[in-house]
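Presented below is the structure to which this report refers.
Model, not experiment: these values are computed from the prediction.
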Amino acid sequence: ISSTGPFIVGITKFKSAGKHFRLIILYFTLCVFVECISFYLNASKINNNLLADIFYILEGLALISFFYLVFDEKDFFYPSIILAISYLGYGLYTTIFDPGPMAYNSNFRTGESLIIQALSAYALVRYSKSDKINILKDPGFWISVGLFIYYSVNIAIFFTATFLIDDSTYVMSKTWIIHSVVNILVNLIFTFGLTCIPSKQPK
């Protein structure tokens with residue numbers, strides 16, 4: 001299970017983490033839980049596209065909330081609410097109607113990737129301009145790096161296969177090897193980033 005590393009480290013750091021990092025730790029917990037269910041459904045030859053759609057909806061909402069907490073900007077509150085509602089609405093529409101719960105929802109996955117890539121890129125720009133923190137030891141920086149890399153690769157896979165090559169699942173299947181390698185890399189980045197959360201000193 002690819003999310004095991006950040007999940008284990010995250011659990012050990014949960015008590016000392018701030019609310020935004022607690023949210024990201026809960027996100028990795030959800031990833032592990034969904035991966036376990038997905039393995040079972042695959043082994044039982046049960047279609048898991050509905051499970052994937054539900055996970056992507058929850059994932060996107062969690063990550064939008066995470067970046068809202070990271071940015072800590074009051075001016076971002078209403079845009080984040082609008083973004084989250086729009087994301088949820090589109091996710092429900094594509095899950096229920098087009099392409100529906102039994103088909104792989106590559107359009108929605110592309111949209112999610114574009115949103116999270118943009119938010120993580122903005123976070124990295126903010127970190128690069130800050131002279132008050134050591135970005136190499138800041139967990140938020142590493143989480144943003146991992147998310148930016150992961151969702152950039154997602155865009156390359158889903159956008160190319162869906163829009164440039166007419167919904168080619170063949171292309172996606174061939175590029176999935178790259179996705180798997182990148183997935184391992186970013187989970188190592190997430191794991192390292194979570195280790196940077198300072199532990200509370202005993203009183």
Quiz item: For Phe148, does its backbone N or O pair with a side-chain atom of Ser152 as donor and acceptor, under 3.5 Å?
Solution: yes

Practice problem: Taking the side chain as every heavy atom from C-beta outward, state whether Pro99 and Tyr104 have any pair of such atoms under 4.5 Å apart. | Solution: no

Practice problem: Before giving the answer on side-chain contact (heavy atoms from CB on, under 4.5 Å), spell out for Tyr151 and Ser120 the whole-Å C-alpha distance, their side-chain angles and the decisive distance to 0.1 Å. | Solution: CA-CA 9 Å; Tyr151 284 98; Ser120 57; 5.9 Å; no

Exercise. For the residue pair Cys196 and Asp138, establish whether any side-chain heavy-atom pair is separated by less than 4.5 Å.
Key: no

Quiz item: What are the two closest non-hydrogen atoms of Asp75 and Pro79, and how far apart are they?
Solution: O-CD, 3.2 Å

Exercise. Give every residue pair that meets the ring-ring contact (aromatic ring centres under 6.0 Å, His included) criterion with at least one member in residues 122-141, sequence neighbours excluded.
Key: Phe71-Tyr122

Quiz item: If you look at every heavy atom in Leu124 and Ser144, which pair is closest and at what distance?
Solution: CD2-CB, 3.8 Å

Quiz item: Tell me, which pairs form a salt bridge (Lys or Arg N to Asp or Glu O under 4.0 Å) where one or both residues lie in residues 9-28, sequence neighbours left out?
Solution: none

Practice problem: Start with the C-alpha distance between Ile57 and Leu92, add both sets of side-chain angles, then the distance that settles side-chain contact (heavy atoms from CB on, under 4.5 Å), and finish with yes or no. | Solution: CA-CA 8 Å; Ile57 290 173; Leu92 291 175; 4.1 Å; yes

Self-check item: Approximate separation, where rounding is to 0.5 Å, of Phe66 CZ and Leu26 CG
Solution: 12.5 Å

Exercise. Measure the spacing between OH of Tyr27 and CG of Leu147 and express it to the nearest 0.5 Å.
Key: 6.5 Å

Practice problem: Applying side-chain contact (heavy atoms from CB on, under 4.5 Å), run through Ser3 and Asn187 and close with a yes or a no. | Solution: CA-CA 6 Å; Ser3 303; Asn187 275 294; 4.0 Å; yes

Quiz item: Excluding sequence neighbours, so at least two apart, what forms side-chain contact (heavy atoms from CB on, under 4.5 Å) with Asn134?
Solution: Leu136, Lys137

Quiz prompt | With Ser113 via side-chain hydrogen bond (donor to acceptor under 3.5 Å, both in side chains) - residues at least two apart | solution = none

Practice problem: Using a 4.5 Å cut-off on heavy atoms from C-beta on, say whether the side chain of Ile135 contacts that of Trp142. | Solution: no

Quiz item: Can you list every pair that meets salt bridge (Lys or Arg N to Asp or Glu O under 4.0 Å) and has a residue in residues 120-135, with sequence neighbours left out?
Solution: Glu73-Arg126

Quiz item: Are the side chains of Ile24 and Leu63 in touch, meaning some heavy atoms are under 4.5 Å apart?
Solution: yes

Quiz item: Quick check: does any side chain N or O of Asp98 sit under 3.5 Å from a backbone N or O of Thr94, one acting as donor and the other as acceptor?
Solution: no

Exercise. May I ask whether Ile85 and Leu58 are part of the same hydrophobic cluster, defined by side-chain heavy atoms of I, L, V, M, F, W, Y residues being less than 4.5 angstrom apart, directly or through others?
Key: yes

Practice problem: Find out if a path of hydrophobic residues (ILVMFWY) with successive side-chain heavy-atom gaps under 4.5 Å connects Ile8 to Leu188. | Solution: no

Quiz item: Between Val70 and His20, is any pair of side-chain heavy atoms under 4.5 Å apart?
Solution: yes

Quiz item: Are Phe21 and Ile133 grouped together when hydrophobic residues (ILVMFWY) are joined by side-chain heavy atoms under 4.5 angstrom apart?
Solution: yes

Quiz item: Are Leu88 and Tyr78 co-members of a hydrophobic cluster defined by side-chain heavy atoms under 4.5 Å apart?
Solution: yes

Quiz item: Roughly how far, to the nearest 0.5 Å, is CD1 of Ile64 from OG of Ser80?
Solution: 8.0 Å

Quiz item: How long is the gap from CG on Asn105 to CG on Leu50, to the nearest 0.5 Å?
Solution: 10.5 Å

Quiz item: Is Leu119 linked to Val125 within one hydrophobic cluster, defined over Ile, Leu, Val, Met, Phe, Trp and Tyr using a side-chain heavy-atom separation of less than 4.5 Å?
Solution: no

Quiz item: OG of Ser65 to CG of Leu83: how many Å apart, nearest 0.5 Å?
Solution: 10.0 Å

Practice problem: Sequence neighbours left out, what pairs pass salt bridge (Lys or Arg N to Asp or Glu O under 4.0 Å) with at least one residue falling in residues 104-116? | Solution: Glu59-Arg109, Arg109-Glu112

Exercise. Go through the steps for Tyr68 and Ile81 under the test side-chain contact (heavy atoms from CB on, under 4.5 Å), then give the verdict.
Key: CA-CA 10 Å; Tyr68 167 72; Ile81 292 295; over 6 Å; no

Quiz prompt | Among Tyr93, Phe97, Tyr87, Tyr56, ring pair (Phe, Tyr, Trp, His ring centres under 6.0 Å) partner for Phe108 | solution = Tyr87

Quiz item: When you measure from the side chain of Ser38 to the backbone N and O of Glu35, does any donor-acceptor pair fall under 3.5 Å?
Solution: no

Quiz item: Under 3.5 Å, is there a donor-acceptor pair between the side chain of Asn48 and the main chain of Leu41?
Solution: no

Self-check item: Separation between CZ of Phe190 and CG of Leu194, rounded to the nearest 0.5 Å
Solution: 9.0 Å

Quiz item: Are Phe33 and Phe28 near enough that their ring centres are under 6.0 Å apart?
Solution: no

